[in-house]
Amino acid sequence: TVNFVGLEGYLIDSQTVIYGSEAVAPTAPIVEGYTFIEWSLNFTNITANTSINAIYQVNTYTITFETNGGVAIDPIANIEYNSTIDLPIPTKDGYVFMGWYYGEDINSGQFTSQSIVKDNLTLYARWAINAYAVTFDSNGGTAVESQVVEDNNKAIKPLDPTRVGYTFTGWYINGDEKWVFGGYDV
């Protein structure tokens, strides 16, 4: 008797073979994430009860990264099927990295370091523009509301504060450099 055994140890086929004859190889089962390589033994001259194992090789995959304007990142190759990987964190001036996604549109799912690799992938970086709080210290004058300004944009000149006995002369950065609204990007 010749038993052909699959990857997980299950019986694929069992054949009764005349002494000295050969068995007929069954079609190797398709196993997700693996490639059939060969049978473990030669089965052309069967002289005893024999178990022949299917030998599979785990598939490997490559992940490429589209940084969407960020610093380029090299692909990661030879990732075994059903594995997880440590994801690189890209950089982009003026932006905060929000994560890697399966596609570029807003509805694409996120791929994380807990996600399982089952195929070649291209992952897309998603970014949020940096935003900064601009606060105004009126130095004892009336309160001036702060502003949130996105990277490379300009703060809007607020109303001048008032303080009894003083004349407002302008806004200064670091105490000595006069701020020109419309002239400086945040």
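Crowding of Leu11 atom CG: a count of heavy atoms from other residues, nucleotides or ligands under 6.0 Å exceeding 12. Under a cut-off of 6.0 angstrom, the local environment of CD1 in Ile89 is sparse, with at most 12 non-hydrogen atoms contributed by other residues, nucleotides or ligands. Taking a 6.0 Å sphere around OH of Tyr10, one finds it holds more than 12 heavy atoms contributed by other residues, nucleotides or ligands. Atom CG of Asn45 is surrounded by more than 12 heavy atoms from other residues, nucleotides or ligands within 6.0 Å.
How far CG of Leu41 is from CG of Asn53: 7.5 Å, rounded to the nearest 0.5 Å. Atom CD1 of residue Ile55 and atom CD of residue Glu38 lie 4.5 Å apart, to the nearest 0.5 angstrom. Here CD of Glu66 is found 8.0 Å from CH2 of Trp100. Values are rounded to the nearest 0.5 Å. For the atom pair CZ of Phe65 and CZ of Phe111, the computed distance is 8.0 Å after rounding to the nearest 0.5 Å. Rounded to the nearest 0.5 angstrom, Lys92 NZ and Asn130 CG are separated by 11.0 Å. With rounding to the nearest 0.5 Å, the separation of OH in Tyr95 from CD in Glu150 is 8.5 Å.
Here the side chain of Thr142 pairs a donor or acceptor atom with the backbone of Thr162 at under 3.5 angstrom. Not one N or O on the side chain of Asn174 forms a donor-acceptor pair closer than 3.5 Å with the backbone of Asp176. A donor-acceptor pair under 3.5 Å is formed between the side chain of Trp127 and the backbone N or O of Thr67. Between the Arg163 side chain and the Asn139 main chain, a donor and an acceptor come within less than 3.5 Å of each other. A donor-acceptor contact shorter than 3.5 Å is absent between the side chain of Ser108 and the backbone of Ile106. In this structure, the side chain of Gln15 does not engage the main chain of Asn3 through any donor-acceptor pair within 3.5 Å. Judged purely by atom type and a 3.5 angstrom limit, Arg126 uses its side chain to pair as donor or acceptor with the backbone of Asp105. Listed for the Lys178 side chain is a donor-acceptor partner under 3.5 Å among the backbone atoms of Thr169.
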Verdict with reasoning, Tyr166 to Val164, per side chain to side chain contact (heavy atoms under 4.5 Å, CB included): CA-CA 6 Å; Tyr166 290 85; Val164 176; over 6 Å; no
Before giving the answer on side chain to side chain contact (heavy atoms under 4.5 Å, CB included), spell out for Thr64 and Leu121 the whole-Å C-alpha distance, their side-chain angles and the decisive distance to 0.1 Å. CA-CA 6 Å; Thr64 55; Leu121 295 170; over 6 Å; no
Please step through side chain to side chain contact (heavy atoms under 4.5 Å, CB included) for the pair Leu7 and Tyr34, ending with a clear verdict. CA-CA 9 Å; Leu7 181 65; Tyr34 293 83; 4.0 Å; yes
Under the side chain to side chain donor-acceptor pair (under 3.5 Å) rule, what do Tyr132 and Asp151 come out as? Steps first, then yes or no, please. CA-CA 7 Å; Tyr132 305 97; Asp151 194 67; 3.1 Å; yes
Before you tell me yes or no, could you show the steps for Ile52 and Thr50 under side chain to side chain contact (heavy atoms under 4.5 Å, CB included), namely the whole-Å CA-CA distance, both residues' side-chain angles and the distance that decides it to 0.1 Å? CA-CA 6 Å; Ile52 301 172; Thr50 306; 3.8 Å; yes
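In this structure, a donor-acceptor pair under 3.5 Å is absent between the side chains of Gln57 and Asn59. Side-chain atoms of Asp86 and Ser113 include no donor-acceptor pair closer than 3.5 Å.
Counting heavy atoms from C-beta on, the side chains of Leu123 and Ile63 come closer than 4.5 Å.
Across all their heavy atoms, Gly6 and Ala54 have their closest contact at CA-CB, 4.3 Å. When all heavy atoms of Val144 and Leu159 are compared, the closest pair comes out as CG2-O, 4.3 Å. Looking at every heavy atom in both residues, Ser115 comes nearest to Thr84 through O-CG2, 3.5 Å. Heavy-atom minimum distance, Ile12 versus Thr27: CG2-O, 4.3 Å.
Scanning for side-chain hydrogen bond (donor to acceptor under 3.5 Å, both in side chains) contacts around Tyr81 gives Glu32, with sequence neighbours left out.
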